[in-house]
Amino acid sequence: MTSDMPDIVTRFAPSPTGFLHIGGARTALYNWLFARANGGKFLLRIEDTDTKRSTQEAIDAILKGLQWLGLDWDGDAISQASRADRHREIAQALLESGNAYKCFATAEELAEKRDAARAGGERFRGDIWRDKQAEAPENTPYSIRMKMPREGAHTIVDRVQGSVTVQNAELDDMIILRSDGTPTYMLAVVVDDYDMGVTHIVRGDDHLNNAFRQLPIYEAMGWSVPEYAHIPLIHGPDGKKLSKRHGALGVDAYEDMGFLPEAMRNYLLRLGWSHGDDEIISTQEAINWFNLENIGKGPSRFDFDKIDSLNSHYLRTLNASELLPYIKSALENLIDHALSKTEEARLLKALPSLAERAKRLPDISESAALYCDIRPIALTDKAAKQFTDETRPVIADVANELEALTSWNSEDIKNSIMSFAEARDLKPGKVMQPLRAALTGGKQSGDLAETLEILGQVESIARLRDQAAA
RNA sequence: GGUCCCUUCGUCUAGUGGCCUAGGACGCUGCCCUUUCACGGCGGAAACACGGGUUCGAGUCCCGUAGGGAUCACCA
């Protein structure tokens with residue numbers, strides 16, 4: 001490690017074969033937090049050595065996902081493929097030092113050996129040419145394989161999983177340079193992590209076994225081994241592994257569903273990590289508190305109910321002008337016209353109480369539509385039942401009462417309705433329920449008098465008369 | 001199948017040998033508040049996978065069993 005590097009360097013190293021899924025997002029979050037918690041650096045490396053499967057779209061989606069989550073990385077994102085020369089150089093060095101060797105076997109030959117070994121209950125280590133270098137043929141393409149130790153064992157003291165030991169005899173002579181001269185992931189990770197000065201590797205525990213295959217490269221090069229923290233995977237709500245056809249979504253899908261990035265961060269943080277009984281954890285607190293030791297060891301399931309409750313909490317912390325941009329375009333879609341100045345003014349007053357009732361952003365835009373000019377408003381079945389021969393005249397009369405009001409504020413509106421009810425010897429609820437139905441069509445809204453105030457005298461009375469006349 | 005990892009309420013988790021009659025959160029649920037829906041307040045049901053040890057004492061340590069997961073490519 002270079003000496004001018006900070007004490008802690010982490011990295012997130014996604015392969016750009018798809019979107020940034022929820023597990024990757026959490027891995028990125030943990031790496032980011034650990035770096036930020038320790039005044040270190042958080043690096044981003046795109047593992048695009050598999051050029052066949054890597055796409056620019058996927059890279060863009062990953063970058064966008066990280067940005068949405070608010071996880072900023074230090075420096076430029078590094079393309080692993082662009083470092084192929086360096087990887088080849090190390091492969092060559094390994095070859096020259098006798099830690100790696102040329103393998104002339106063909107794919108078919110290898111597959112054959114592998115199947116045979118497996119059928120016999122043996123393990124195949126890919127070592128056909130391990131001890132036959134003297135017989136190396138001329139002008140034949142070859143791959144380069146790592147010459148793995150056969151005796152002894154390696155132990156990793158993983159920051160999450162604890163002490164883990166694997167016998168060296170389990171290790172195969174993996175390919176580090178393909179016969180077409182391109183480096184494999186197994187070589188590239190090690191070289192890049194070393195060159196980037198990565199001190200702590202925090203990644204999914206699907207890489208735990210790989211760590212042991214990578215160790216011999218560090219040793220052969222005389223490089224110090226980084227600290228490892230292998231975090232458990234996230235499963236779907238049913239406990240099954242998350243896959244593309246089974247509930248794995250890109251973070252953009254969660255954005256579309258109406259989750260706030262701060263809610264997502266809080267949820268992901270808490271999914272597999274804890275700080276006593278704390279549930280609502282601000283990003284600053286997360287940075288102050290985050291550590292590797294409190295990461296749980298078992299896999300966890302994604303639970304929409306819980307993230308909903310977190311999201312509704314964060315929704316409530318936003319004020320009206322912060323909220324409006326989040327819902328504006330969805331709302332305009334819903335009401336089929338651009339927001340007018342009056343509508344916007346109503347919304348600025350109504351939004352906080354709408355947010356209080358919402359779990360996700362669409363809940364807000366849907367209820368916000370009530371404050372727009374959408375006459376005649378649609379009625380739910382339940383609301384429609386409020387309009388009877390009995391209630392229609394009441395609505396009409398209340399409309400007249402309200403029209404006579406010279407000051408339009410919730411206090412006076414409420415008094416007017418209450419005294420109307422009293423004069424007719426009606427229970428307040430008998431009056432208010434039909435009113436509410438006529439004004440909202442059955443959708444959720446806040447306090448009735450306040451709703452009327454925000455809607456304005458003209459619009460309110462028009463809505464009431466729509467139903468009174470129907 | 002080999003190797004490695006994991007296992008506390010339905011879910012996320014607290015718990016690091018006595019403070020555990022196992023705590024919190026989400027969800028579920030009863031009551032209260034109330035002009036609706038929410039919010040809020042007060043309650044409730046709900047878990048140490050199983051079996052052996054070690055120990056005066058085990059959710060906590062050890063060993064087995066069962067279940068789940070990961071990995072065994074010229075993918076990453």
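So you know, we letter chains A, B, ... as the sequences are listed, proteins then strands, and number each from 1. Not measured: the values here are computed from a predicted model.
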Original post:
Salt bridge or not for R53(A) and D48(A), using N-O below 4.0 Å?
Top reply: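 Not counted as a salt bridge, because no side-chain N and carboxylate O are separated by less than 4.0 Å.
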
**OP:** Inspect the contact between D85(A) and R88(A) and indicate whether a charged nitrogen and a carboxylate oxygen are less than 4.0 angstrom apart.
**Re:**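 Yes, R88(A) and D85(A) are salt-bridged.
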
Original post:
Taking H230(A) as the fixed residue, which of K297(A), R203(A), Q161(A) is the one that meets the side-chain hydrogen bond (donor to acceptor under 3.5 Å, both in side chains) rule?
Top reply: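 Option passing the side-chain hydrogen bond (donor to acceptor under 3.5 Å, both in side chains) with H230(A): R203(A).
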
**OP:** Could you note down all residue pairs passing salt bridge (charged side-chain N to carboxylate O under 4.0 Å, His left out) where residues 112-125 of chain A supplies at least one of them, sequence neighbours left out?
**Re:**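 Every pair satisfying salt bridge (charged side-chain N to carboxylate O under 4.0 Å, His left out) with a residue in residues 112-125 of chain A: R123(A)-E170(A).
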
Subject >> Test applied, salt bridge (charged side-chain N to carboxylate O under 4.0 Å, His left out); reference residue, D172(A); option that passes from K147(A), R213(A), R145(A), R150(A) >> reply: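 Between D172(A) and the candidates, salt bridge (charged side-chain N to carboxylate O under 4.0 Å, His left out) is satisfied uniquely by R213(A).
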
**OP:** Name all residues meeting the side-chain contact (heavy atoms from CB on, under 4.5 Å) criterion together with S82(A); count only those two or more places apart in sequence or in a different chain, and write none if there are none.
**Re:**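 Once residues adjacent in sequence are excluded, the partners of S82(A) under the side-chain contact (heavy atoms from CB on, under 4.5 Å) criterion are S79(A).
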
Subject >> Per-nucleotide protein contact string for nucleotides 30-40 of chain B, where B marks a base within reach and S marks sugar-phosphate only (heavy atoms under 4.0 Å, - for neither) >> reply: -----BBBBS-

Subject >> Per-nucleotide protein contact string for nucleotides 58-71 of chain B, where B marks a base within reach and S marks sugar-phosphate only (heavy atoms under 4.0 Å, - for neither) >> reply: -----------SBS

For a quick check of understanding: with a heavy-atom distance under 4.0 Å over all strands, which category does [X] fall into, base, sugar-phosphate or nothing?
{"X": "R145(A)", "result": "sugar-phosphate"}
{"X": "G272(A)", "result": "sugar-phosphate"}
{"X": "T165(A)", "result": "sugar-phosphate"}
{"X": "A105(A)", "result": "base"}
{"X": "L271(A)", "result": "sugar-phosphate"}

Subject >> Whichever of D50(A) and R301(A) has its nearest RNA chain B nucleotide further upstream toward 5' >> reply: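 The residue mapped nearer the 5' terminus is R301(A).
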
Original post:
Who does rC37(B) pair with, Watson-Crick or G-U, both distances under 3.5 Å?
Top reply: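 No nucleotide pairs with rC37(B).
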
Subject >> Watson-Crick/G-U partner (both atom distances under 3.5 Å) of rU7(B) >> reply: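 Result: rA66(B).
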
I want to check one thing: is the phosphate of [N], taken as OP1 and OP2, less than 4.0 Å away from some side-chain N or O of [X]?
{"X": "T184(A)", "N": "rC74(B)", "value": "no"}
{"X": "S300(A)", "N": "rC12(B)", "value": "no"}
{"X": "S54(A)", "N": "rA76(B)", "value": "no"}

Let me have the donor-acceptor pairs involving side chains of residues 419-428 of chain A, under 3.5 Å, with sequence neighbours excluded, atom names and distances please.
unit_1: S419(A); atom_1: OG; unit_2: N415(A); atom_2: O; d: 3.0
unit_1: S419(A); atom_1: OG; unit_2: S416(A); atom_2: O; d: 3.2
unit_1: R424(A); atom_1: NH1; unit_2: D397(A); atom_2: OD2; d: 3.3
unit_1: R424(A); atom_1: NH2; unit_2: D397(A); atom_2: OD2; d: 2.4

**OP:** Nearest whole angstrom, please: distance from the C1' of rG1(B) to the CG of D115(A).
**Re:**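 Result: 14 Å.
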
Which pairs, protein N/O on one side and nucleotides 25-27 of chain B N/O on the other, fall under 3.5 Å?
unit_1: rA25(B); atom_1: O4'; unit_2: E279(A); atom_2: OE2; d: 3.3
unit_1: rA25(B); atom_1: N3; unit_2: K306(A); atom_2: NZ; d: 3.0
unit_1: rC26(B); atom_1: O2'; unit_2: D305(A); atom_2: O; d: 3.2
unit_1: rC26(B); atom_1: O2'; unit_2: K306(A); atom_2: N; d: 3.3

Subject >> Ring centers of Y30(A), W273(A) separated by less than 6.0 Å >> reply: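 Centroid distance Y30(A)-W273(A): not below 6.0 Å, so no.
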
Original post:
Are side-chain heavy atoms of L69(A) and E262(A) found at a separation under 4.5 Å?
Top reply: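 No, their side chains stay 4.5 Å or more apart.
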
